[in-house]
Each structure stands twice: as structure tokens, then as C-alpha cells.
2 protein chains.
Amino acid sequence: MTVTLADVAARARVSPATVSRVLNGNYPVAAATRERVLRAVDELDYVLNGPASSLAAATSDLVGILVNDIADPFFGIMAGAAQTEIGIQEAPDATGFARADAAGAAEAAGPHAPGAGRRRAGGQKLAVVCNTVGSPERELTYLTLLQRQRAAAVILTGGALEDADHGAAVTAALRRLAAAGTRVVLCGRPPLPDDDVAVAALAFDNRGGGRRLAEHLLALGHRTIGYVAGPLERTTTRHRLEGHREALRAAGLPAAGSGGAQDPLTLHGPYTRRSGYEATRELLRRQPGLTAVVAANDTVALGACAAVRDEGLRIPQDVSVAGFDDLPFSVDATPALTTVRLPLQEAGARAGRLAMGTEAPPPGGIATIGAELMARASTAPPRA
Amino acid sequence: MTVTLADVAARARVSPATVSRVLNGNYPVAAATRERVLRAVDELDYVLNGPASSLAAATSDLVGILVNDIADPFFGIMAGAAQTEIGIQEAPDATGFARADAAGAAEAAGPHAPGAGRRRAGGQKLAVVCNTVGSPERELTYLTLLQRQRAAAVILTGGALEDADHGAAVTAALRRLAAAGTRVVLCGRPPLPDDDVAVAALAFDNRGGGRRLAEHLLALGHRTIGYVAGPLERTTTRHRLEGHREALRAAGLPAAGSGGAQDPLTLHGPYTRRSGYEATRELLRRQPGLTAVVAANDTVALGACAAVRDEGLRIPQDVSVAGFDDLPFSVDATPALTTVRLPLQEAGARAGRLAMGTEAPPPGGIATIGAELMARASTAPPRA
DNA sequence: ATAGCCGTAGAAAGCGCTTGCTAGGGCTGT
DNA sequence: ACAGCCCTAGCAAGCGCTTTCTACGGCTAT
């Protein structure tokens with residue numbers, strides 16, 4: 001029914017081994033033979049059987065990218081950049097066998113260097129993104145599924161859940177993956193607790209970003225700053241908040257809640273516009289003296305802006321609003337949103353390269369990626 | 001080195017066949033045996049070898065979702081919804097074998113119904129999204145890669161390229177996929193040219209949406225309406241534009257360009273904010289009488305808004321602006337964007353169900369999904 | 001008691017590919 | 001001319017799982 005390697009071999013009058021070698025291009029095959037095989041391949045519309053190939057070779061060309069919410073550009077941008085880096089490589093050079101010899105002249109290995117004439121070893125990788133919807137179970141399930149597929153690499157993006165059990169489970173899963181030869185990369189997520197693992201981590205400087213943003217507001221003269229934080233138990237949420245409070249404390253303001261106590265100026269919620277809207281209305285209600293609102297991210301900030309307006313207040317004259325991430329739409333908000341820029345594109349691309357083994361891992365396996373303050377029109381000095 | 005089925009079998013003192021059956025749960029295995037096997041599985045931290053399993057069973061649990069731009073929420077939302085529908089199902093019932101008998105009492109098949117006691121047949125599907133970046137070659141490459149993996153289903157989202165050669169290539173690829181038993185679903189993309197294939201299509205009513213949006217503007221009194229269209233050669237672009245012009249023509253306005261002629265009121269560009277910005281400035285420059293701008297989608301509309309403002313004009317008093325898609329941020333723009341709502345979430349979910357075979361395909365394999373006008377604050381009557 | 005069934009488990013034959021090893025020509029070098 | 005190499009291609013042994021077919025108790029029905 002379906003065409004197999006053997007069929008192609010028969011048609012090209014060669015052995016299956018030869019066909020395999022032509023297709024994988026990592027073994028010298030005479031040009032004429034190669035030609036014949038290639039012709040047979042597309043006369044027969046042959047498509048390699050991936051599972052069989054992966055089984056025999058004990059490797060697969062799958063690379064998994066885990067994201068918390070695929071509908072959120074924050075993840076979309078990172079995933080897209082990573083996928084671009086991983087995806088379709090330069091086309092293999094079907095002809096030009098002889099040219100390798102010319103190039104070989106530059107080699108020190110002598111006239112009969114055995115490596116001459118070899119073609120791209122790897123082959124096409126299939127980067128796939130998996131949407132965990134922020135659910136711990138799904139995260140684990142996807143990790144198992146990817147291990148099942150013997151994925152070549154796995155990239156985990158975004159903040160991690162701060163649950164001891166779940167953290168341990170994920171760490172164990174990643175360790176298993178790594179042990180099985182899968183490259184593991186963390187992107188925008190803190191390194192694993194014990195860093196003995198061969199897991200590269202690209203962490204965002206959320207704490208620093210949060211601090212700088214707060215400092216900016218303090219410098220403008222704000223003293224009562226509301227904070228619409230992300231979901232509890234997320235590293236991202238905690239780090240941004242810590243940075244924020246660090247700055248407040250440094251300015252001699254009562255950064256309550258740092259001990260986990262109730263902080264009337266901080267409200268937690270999901271990363272949604274709605275959360276931003278509702279939390280901000282609540283904040284405005286209970287703190288009439290509020291002159292600024294910092295949101296967990298840009299999406300939340302949009303909701304905050306809507307809330308401020310619906311209270312009949314102006315941005316930034318009456319209340320300043322700031323976000324985090326600097327997603328593309330932030331500059332288009334009215335007024336343009338002050339936020340903290342995270343180089344999502346770059347980080348994603350780098351993660352992709354690490355996953356491919358194209359780029360050397362950072363020293364210690366850990367790199368921190370800067371978060372830059374983008375002061376724009378949505379923040380200004382408070383009314384005098 | 002790595003644990004295999006045989007290892008588990010040895011440890012559980014059963015044959016590999018039995019372990020396989022426990023894991024796949026579609027063959028009666030005595031509770032005690034099952035128990036023993038399951039214990040061995042997790043004592044050994046056994047993870048099924050996907051490729052081997054797929055090879056032997058001649059099926060895979062991969063479902064591919066192709067999107068043009070993963071960083072664009074338009075696709076993210078559809079992909080996310082589809083993935084949710086496909087992804088992690090209810091947990092298999094590890095115990096409770098006996099209960100099947102009790103339930104069996106309700107069956108008409110008699111006391112020894114052979115089907116009693118069977119568990120979920122399918123098993124976990126891995127939904128993966130593939131980012132084509134709008135590139136025809138990548139689209140084709142991904143299709144081949146997915147065929148290699150013997151994917152269970154493939155979902156193509158978003159507008160198709162209107163290039164005869166490429167269209168034929170894609171159609172051929174989809175046909176091959178379908179022939180190989182892969183379920184193919186089109187989501188937000190017009191049906192295949194000859195609909196004899198077993199390919200389900202969920203198309204958006206882009207033409208109708210474009211028409212209604214134009215009618216809305218016409219009803220408000222606009223007569224000189226600029227149009228910042230999407231990239232040429234995309235079905236989405238063409239359909240929206242056709243609907244737009246249909247309405248203009250019906251209103252007796254010179255809908256130039258319908259024959260492909262130069263239309264000074266229409267400009268093409270990518271689906272980016274920047275394109276919206278630049279095209280709109282250009283439009284405003286060459287058509288001082290312009291009172292409204294329709295954008296290819298909401299993202300472009302955001303750019304258009306910025307351009308209008310930068311020209312010192314107000315929205316909607318001086319110029320009305322409208323988008324398309326009704327992405328989440330549209331309602332948050334200032335003023336809230338008039339747009340055409342596409343039920344992306346629902347469409348994606350439905351595509352996911354079609355891919356899983358959970359939902360019956362629409363009659364004729366084709367369904368058109370409505371596009372609803374969302375008249376908001378960014379459009380108003382033109383200055384008198 | 002005996003025949004016959006049903007429920008359960010094992011043996012073994014692949015699934016389609018990769019790859020280490022082997023073998024046979026055609027050259028080169030002497 | 002002959003030995004020895006290199007280049008190219010084939011052989012065959014798996015990779016780890018699924019699944020058909022077969023086998024074997026114990027229980028029911030006569």
C-alpha cells in the first residue's frame with residue numbers, strides 16, 4: 001500500500017542501505033547512483049517513515065517548546081523566534097559532490113580526508129509548541145509525551161510554578177529527559193534548584209526590571225503605588241514584585257507584604273486584561289490617594305488603563321500606569337505605555353540555538369537577560 | 001541503558017505482550033496482573049518508546065497545527081483552542097475493572113458482551129503547532145514532516161496563498177496526507193479547489209464581514225473610505241476586499257480596482273502595525289477628503305489609528321477607523337475599535353474536534369463561519 | 001463426569017529503517 | 001605486472017513495540 005524504502009531501492013536497482021544513505025546524506029554515494037535513487041524517490045512519491053527511522057537511529061527530530069499560553073504574544077514571540085531558529089535549515093546541496101574535494105584542499109588531513117564529501121548530518125527538525133495552559137499536570141504530561149517521542153530537545157518558556165511538589169516533579173522529569181540525551185533549555189524561567197544538571201537556563205531579570213520601574217515612578221514623585229500582580233506562586237510574579245518592593249524599601253517607603261503580610265496596595269490575579277481592570281477599580285476605591293498603578297504585564301496594564309478611565313481619571317495626569325514585557329501593542333496604547341522591555345525575540349532565538357546545539361551554553365549554564373525600562377507617556381509626575 | 005518494555009515484563013514476571021496490553025488498555029488483563037505491571041512500570045520509571053510504538057502500530061499520536069504567524073494572537077487563539085480540544089483527555093481509569101460488568105447490565109448484548117471491560121482506545125495525542133511564517137516552502141516542508149511522522153491529523157489555519165503552483169502543491173500534499181489516513185482540517189481557510197477530498201473546511205465569512213463593515217460606514221455617511229489591505233495573493237485579503245467593494249458598488253460608489261485596476265484608495269501591505277501606520281499616512285496625504293480608513297485587521301488598524309493621530313486628526317470625529325478579527329486588545333484601544341468579530345476560539349475548538357474525529361464533519365465537508373460586525377467608538381458619522 | 005467455553009497469557013512474526021561489517025572493482029605505486 | 005588502497009555498495013542484524021494466533025486452566029451446562 002504505502003511506499004517503503006525497499007520499493008525505492010527496487011526501483012533504483014540498489015539496496016535499501018544505499019537509499020537510506022542517499023536520504024541521510026552522510027555516507028559517500030556515487031553521483032550516478034544518488035541520481036538514480038533520487039529519481040526513484042520522487043517518481044514513487046516516497047516519504048520517509050519517521051517512526052521507523054527514529055526507532056532505528058534511536059533519535060528523533062522533534063523539538064518541543066512548552067508555553068503557558070499560546071494565545072499570549074509574550075509566548076508567541078519567544079516560541080516563534082525559537083522555532084525559526086530550529087526550523088527549516090538551508091536546503092541540502094543535492095549536487096556538488098566534487099566541490100567538496102576542492103574545499104578539501106584547505107584541510108590538513110591530506111588528500112584522502114575521509115570526511116570529504118559528507119553532507120549535512122542532522123536533517124530537518126520539527127519544532128512543535130505545546131500549550132500547557134499554565135496547568136502543572138499538562139506540563140508534566142507534555143514532558144512525558146516528548147520523552148516518549150525521544151525529542152531531540154525541549155524548551156520550557158515562561159515563569160515556573162512555585163509549588164514544591166510540582167517543582168520536584170518537573171525537575172525529575174527534566175533530569176530524565178537530559179539523561180536520555182534530550183537537550184533541555186529554560187527560557188525566561190529561573191534555573192533548576194540544583195544546577196548540576198546539563199540544563200541551560202536563560203532567565204529574565206524580572207527583579208531588576210521591577211526595581212527599575214518602581215524607581216522610575218519614585219523618581220517622578222509617586223508615593224502611593226498600586227500593584228496588580230500576576231498569579232500567586234509563579235516565579236515571574238514573585239520576582240517582579242520583589243524588585244518593586246526592594247525599590248520602595250530603598251526609598252524608605254513601607255513596602256508592606258514583603259513578609260507575606262497583607263499589603264493593601266497589592267492585588268493578585270491572572271495575566272488578563274480583566275484582572276487588571278477589576279483589581280485597579282478595587283485599588284482606586286480603597287486607596288483614593290493612589291497616583292500610580294503598576295501592572296503584572298502589559299495586558300493587565302491595558303485593563304488597568306480602562307479602569308482608570310472608567311473612574312473618570314486621566315492617564316497620566318491623574319494616575320500613572322505601567323506595564324511589563326513591552327509587547328508590540330504597548331507602544332500603541334493611548335497614551336503609550338511605560339513598561340519594561342524584555343527581549344523576547346532574542347531570548348527565544350537564543351534558546352532555539354541552544355536547543356539545536358548551534359550555540360555554546362553560557363558559562364555555568366545560566367545567563368540572565370536584561371530588562372530595560374521603557375519610560376513612555378503613561379507615566380508622569382503626580383498632581384502636586 | 002534505557003528501560004524497555006521487556007525490562008518491565010521481566011520485572012512483572014509476565015510477557016512483553018501483556019505489558020503492552022496493560023499500557024494500551026484495549027485487551028482484557030486480570031486486575032492482579034495489571035496491578036503488578038503498573039507497579040513495575042513506575043518502579044522502573046518506564047517511558048514508552050513512541051517511535052517504536054508508532055512503527056509497530058502504524059499510527060502516531062501527533063496532530064499538527066499549521067499557523068502563519070505564531071506571534072499573532074489571531075493564530076494563537078485558534079491554535080490554543082484546537083490544542084485544548086485535542087490535548088490531554090480525561091485520565092484513564094486505572095482501576096474499576098469490575099464496574100464495567102455492572103455497567104454491562106444496561107447493555108443488550110447479553111451477559112458476556114465481548115466489549116465489556118475495554119478502556120479508552122485512543123491514548124494521548126500530542127498537538128503541535130508549526131509556524132510557517134507565511135512561507136510557502138515552509139508550509140510544504142511542514143506538511144512533509146508531518147507526513148513523515150504519520151500524523152493522525154493536520155489542521156491548517158488562516159488564509160491561503162493564491163499562487164497556482166503553490167496551491168496545487170499544497171492540494172497534492174494534503175491529498176497524500178488524507179490518502180495515508182491523516183485527517184485534514186482547514187480552519188479559517190477556503191476549501192480545496194476540487195472538494196472531492198476528505199478534507200473538512202471551516203471557512204470564515206470574510207467577504208460578508210467586509211461587506212457589512214463597509215455598509216456600516218456607508219450608513220454613517222462616509223463616501224471616501226481608504227482601505228489598508230493585507231498582503232496580495234492571500235485569500236483572506238482578497239475576500240475582505242471583495243466584500244468591501246461589493247458594498248461600495250451596491251451604494252453606487254466607484255469601487256475602483258475591482259478589476260485589478262489601480263485604486264488610489266487601496267494600499268496593500270503585511271499584517272503589521274507598521275504597514276497600517278505608513279499606508280494610512282500615505283492615504284491621508286493623497287486623499288485629503290478621506291473620512292474613514294478600513295484596515296486589513298486589528299493590528300493594522302492600530303497602526304492606522306496612530307497615523308491618524310500623528311496627522312493631528314481625531315478618531316472618530318475627523319476620521320473613522322475600523323479593523324477586522326476583533327482580537328482581545330481591540331476593545332481596549334482608545335477609542336474602542338469598530339471591527340468584525342471572528343469567532344476564533346470556537347472555530348479553533350471545532351477544528352480540533354474535527355481533527356480528533358470527535359465531531360461529525362459539516363455537510364459537504366464545508367462550513368462557513370459567520371463574521372459579526374462590532375460597531376464601537378472608532379467609527380462615527382463624518383464631519384458634516 | 002465430560003464436553004465445551006470463556007477469560008487470560010505467551011510465542012513469535014513483523015513494522016520500516018539504520019549501520020557495522022564485509023566484499024569487490026579500479027587505481028596507484030613500485 | 002602485482003600488491004595494496006580506496007571507493008562504493010550490499011548483507012544482515014537489530015531498534016522496541018504491537019498483534020495475531022495459539023494454548024491452557026477452570027467453570028458451566030448436560
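All chains are named by letter (A, B, ...) in the order of the sequence lines, taking the proteins before the strands, and each is independently numbered beginning at 1. Since we're looking at a predicted model, the values are computed, not measured.
B/L5 places its CG atom 13 Å from the C1' atom of D/dT19, with the value rounded to the nearest Å. One can place CG of A/D7 at 13 Å from C1' of C/dC17, the figure rounded to the nearest angstrom. Atom CG of B/D61 and atom C1' of D/dT18 are 14 Å apart (whole Å). Rounded to an integer number of Å, the gap from A/L55 CG to C/dT19 P is 12 Å. We find that CG of A/N26 is positioned 13 Å from C1' of C/dG20, with the value rounded to whole Å.
Here C/dT8 is the nucleotide among C/dG10, C/dT8, D/dC17 with the atom lying nearest to any side-chain atom of B/A30. The side chain of B/Y27 lies closest to C/dA9, out of D/dT18, C/dC17, C/dA9. Residue A/Y46 has its side chain nearest to C/dC17 when only C/dA9, C/dC17, D/dT18 are considered. The A/A52 side chain lies nearest to C/dC17 when the options are C/dT18, C/dC17, D/dT18. The side chain of B/A57 lies closest to D/dT19 when the candidates are C/dG16, C/dT19, D/dT19. Closest to the side chain of B/S20, from the set D/dT18, C/dT18, D/dC17, is D/dT18.
For A/S53 and C/dT18, the shortest distance from a side-chain N or O to OP1 or OP2 is below 4.0 Å. For C/dT18, the OP1/OP2 oxygens have a side-chain nitrogen or oxygen of A/N24 closer than 4.0 Å. For the pair B/S15 and C/dG10, the criterion of a side-chain N or O lying under 4.0 Å from OP1 or OP2 is met. For C/dA9, one of the phosphate oxygens OP1 or OP2 lies less than 4.0 angstrom from a side-chain nitrogen or oxygen of B/T33.
To the nearest 0.5 angstrom, B/T132 atom OG1 is 5.5 Å from B/E139 atom CD. Rounding to the nearest 0.5 Å places CZ of B/R189 at 7.0 Å from CG of B/N68. Atom CG of A/L55 and atom OG of B/S53 lie 10.5 Å apart (nearest 0.5 Å).
Side-chain contact between A/Q149 and B/P51: present, with at least one pair of heavy atoms (C-beta onward) separated by less than 4.5 Å. Looking only at side-chain heavy atoms (C-beta outward), A/R175 and A/V184 stay at 4.5 Å or farther from each other. Looking only at side-chain heavy atoms (C-beta outward), B/L143 and B/V154 come within less than 4.5 Å of each other.
In terms of position on DNA chain C, the residue among B/T18 and A/T2 whose nearest nucleotide sits closer to the 5' end is B/T18.
A rotation axis mapping the C1' atoms of four pairs onto the next four is fitted at both ends of the helix from C/dA1-D/dT30 to C/dT30-D/dA1 over five pairs, and the angle between these axes is 30° to 10 degrees.
B/Y46 pairs with exactly one of B/D7, B/T2, B/L5 by the side-chain contact (heavy atoms from CB on, under 4.5 Å) rule, that one being B/L5.
With hydrogens and angles ignored, no donor-acceptor pair under 3.5 angstrom links the side chain of B/R36 to the base of C/dT8. Judged by distance alone, with hydrogens and angles left aside, B/R150 brings no side-chain donor or acceptor close enough to the base of C/dG16 to form a pair under 3.5 Å. For a distance-only test at 3.5 Å, the side chain of A/R21 qualifies as a donor-acceptor partner of the base of C/dG20.
Between A/T18 and A/S15, the side chains place a donor N or O and an acceptor N or O closer than 3.5 Å (distance only, hydrogens not considered).
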